[in-house]
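Some notes on the structure that comes next.
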Amino acid sequence: MKDTGKHQGLRNQLVSVLQQKGITDVTVLDAIKKIPRHLFLNSSFEDYAYQDKAFPIAAGQTISQPYTVAFQSQLLKIKKEHKVLEIGTGSGYQTAVLCLMGAKVYSVERQNELFKQTSILLPKLGIRPKHLSFGDGYKGLPSYAPFDSIIVTAGAPFIPQPLMAQLKIGGRLVIPLGDEVQIMTLLIRVNATQFEKHELGEFKFVPLLVDKN
């Protein structure tokens with residue numbers, strides 16, 4: 001579990017790349033500067049961990065491109081102690097970014113292999129989400145709702161109704177919508193029944209899986 005000066009230098013370079021691409025939120029950039037992304041990847045990818053690229057992880061999933069992580073995180077406008085629901089824990093890298101931004105993170109993962117790996121890795125790195133769970137992300141976590149923000153880290157064909165219901169008034173839901181290519185979509189809850197919708201460009205994600213049971 002080594003994190004060297006070389007790794008830190010590569011992270012600094014990555015942060016510069018993200019700034020050039022338009023990421024301005026200091027809390028996002030500081031989190032990315034601190035988190036050892038190489039430890040969330042298979043060791044064979046270590047030399048490439050700080051390139052702005054997605055890489056495969058276990059269970060046929062991917063660790064998102066750092067720009068995508070930063071872009072989604074910036075859209076959430078997180079303040080310290082905000083309750084954030086993350087759908088798709090994956091490698092745990094996005095979870096770590098949210099935690100270092102000061103959020104209380106509640107995360108759901110559909111793949112048991114990834115859930116087990118992340119449950120071990122994050123505490124080893126001193127990163128402690130409020131709650132990690134194995135289950136169906138389409139259902140959210142109603143027992144912990146409402147949330148200040150909700151982030152979905154996989155492509156969804158539609159916005160799950162339970163997630164909209166679990167968002168606080170004034171809260172922000174960030175979700176990539178679509179099949180082959182996704183449109184990054186931001187919903188802001190205006191009141192009990194109304195949401196403001198913003199579409200923010202094309203991205204590519206693995207699909208959000210639903211529990212067939």
Side-chain angles (χ1 to χ4, degrees), residues 18 23 25 28 31-32 35 37 40-41 52-78 82-101 103-119 121-122 127 129-141 144 147-160 162-164 166-167 171-187 199-211:
L18 298 179
I23 303 300
D25 188 318
V28 174
I32 286 171
I35 296 167
R37 188 175 186 249
F40 291 82
L41 292 165
D52 190 23
K53 292 181 180 176
F55 289 102
I57 56 172
Q61 304 299 296
T62 59
I63 181 171
S64 291
Q65 178 184 354
Y67 174 71
T68 303
V69 171
F71 188 81
Q72 284 194 284
S73 301
Q74 180 166 279
L75 284 176
L76 295 177
K77 295 199 172 175
I78 289 171
H82 264 192
K83 276 175 72 178
V84 178
L85 173 61
E86 178 190 33
I87 306 302
T89 317
S91 68
Y93 181 71
Q94 173 74 77
T95 318
V97 169
L98 297 171
C99 286
L100 264 68
M101 288 174 69
K104 294 179 177 177
V105 182
Y106 299 74
S107 190
V108 185
E109 175 52 51
R110 180 72 185 81
Q111 300 282 357
N112 200 25
E113 182 182 0
L114 290 175
F115 168 68
K116 287 177 178 174
Q117 285 179 7
T118 304
S119 299
L121 176 62
L122 290 174
I127 295 165
K130 290 294 285 185
H131 182 76
L132 292 177
S133 64
F134 169 60
D136 183 357
Y138 276 90
K139 296 174 183 174
L141 288 174
Y144 294 98
F147 295 96
D148 295 291
S149 303
I150 299 174
I151 178 172
V152 179
T153 64
F158 58 88
I159 302 171
L163 300 187
M164 294 172 73
Q166 290 169 39
L167 191 64
R172 302 166 76 86
L173 167 61
V174 176
I175 182 168
L177 287 177
D179 294 319
E180 292 298 315
V181 174
Q182 291 79 38
I183 302 297
M184 192 68 75
T185 305
L186 167 65
L187 286 190
E199 294 185 341
L200 300 156
E202 292 186 355
F203 288 80
K204 197 163 178 61
F205 286 79
V206 292
L208 180 64
L209 301 177
V210 64
D211 192 342

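The first residue in the sequence is number 1, and the count goes up from there. All values below come from the heavy atoms of this structure, side chains included, with hydrogens, waters and symmetry mates left out.
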Exercise for review: Given side chain to side chain contact (heavy atoms under 4.5 Å, CB included), test L173 with M164 step by step and report yes or no.
Suggested key: CA-CA 8 Å; L173 167 61; M164 294 172 73; 4.3 Å; yes
Review point. Would Q65 and K53 count as a side chain to side chain contact (heavy atoms under 4.5 Å, CB included) if you check the C-alpha gap in whole Å, the side-chain angles of each, and the deciding distance to 0.1 Å?
Key: CA-CA 4 Å; Q65 178 184 354; K53 292 181 180 176; 5.6 Å; no
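Here CD of E199 is found 13.0 Å from CD of Q182. Values are rounded to the nearest 0.5 Å. The distance from atom CD of Q74 to atom CD1 of I23, rounded to the nearest 0.5 Å, is 4.5 Å. Rounding to the nearest 0.5 Å gives a distance of 6.5 Å between CG of L85 and CG of L163. Atom CG of D25 sits about 12.0 Å away from atom CG of L18, to the nearest 0.5 Å. To the nearest 0.5 Å, the span separating OG1 on T118 from CD on Q111 amounts to 11.0 Å. One finds the OG atom of S119 at 5.0 Å from the CG atom of L132 (value rounded to the nearest 0.5 Å).
The two atoms that bring I35 and L100 nearest to each other are CG1-CD2, 3.7 Å, heavy atoms only. Shown here for I32 and A70, the closest heavy-atom pair between the two residues is CD1-CB, 3.8 Å. Closest non-hydrogen pair, D179 versus P157, comes out as OD1-CB, 4.0 Å. The nearest pair of heavy atoms linking A58 to E113 is CB-OE2, 3.4 Å.
Note that K83 lies in the cation-pi zone of Y106, set by a 6.0 Å cut-off to the ring centre and a 45° limit from the axis.
Two residues are said to be in side-chain contact when any heavy atoms from C-beta on lie closer than 4.5 Å; I175 and P160 meet this criterion. Here the side chains of L98 and I78 are in contact, with some heavy-atom distance below 4.5 Å. Residues Q94 and I63 are not in side-chain contact: their nearest non-hydrogen atoms beyond the backbone lie 4.5 Å or more apart. For the pair S73 and M101, the minimum side-chain heavy-atom distance is below 4.5 Å. Taking 4.5 Å as the limit, some side-chain heavy atom of L200 sits within range of a side-chain heavy atom of L186. The shortest distance between side-chain heavy atoms of V84 and D148 does not fall below 4.5 Å. Side chains of S149 and V174 form no contact here, defined as non-hydrogen atoms less than 4.5 Å apart. Two residues are said to be in side-chain contact when any heavy atoms from C-beta on lie closer than 4.5 Å; P129 and L122 meet this criterion.
For F40 and F55, the distance between ring centers is not under 6.0 angstrom.
The backbone N or O of I87 sits less than 3.5 Å from a side-chain atom of T153, completing a donor-acceptor pair. A side-chain donor-acceptor contact under 3.5 Å links E109 to the backbone of T89. Using modelled atom types, one side-chain atom of S91 and one backbone atom of Y93 make a donor-acceptor pair closer than 3.5 Å. In this structure, D52 contributes its side chain and Y67 its backbone to a donor-acceptor pair below 3.5 Å. With hydrogens and angles disregarded, a donor-acceptor distance shorter than 3.5 Å links the side chain of R172 to the backbone of L75. Looking at Q72, its side chain does come within 3.5 Å of a backbone N or O of V152 through a donor-acceptor pair. With hydrogens and angles disregarded, a donor-acceptor distance shorter than 3.5 Å links the side chain of Q166 to the backbone of L141.
Shown here are the side chain to side chain donor-acceptor pair (under 3.5 Å) partners of T95, two or more places apart in sequence or in another chain: E86.
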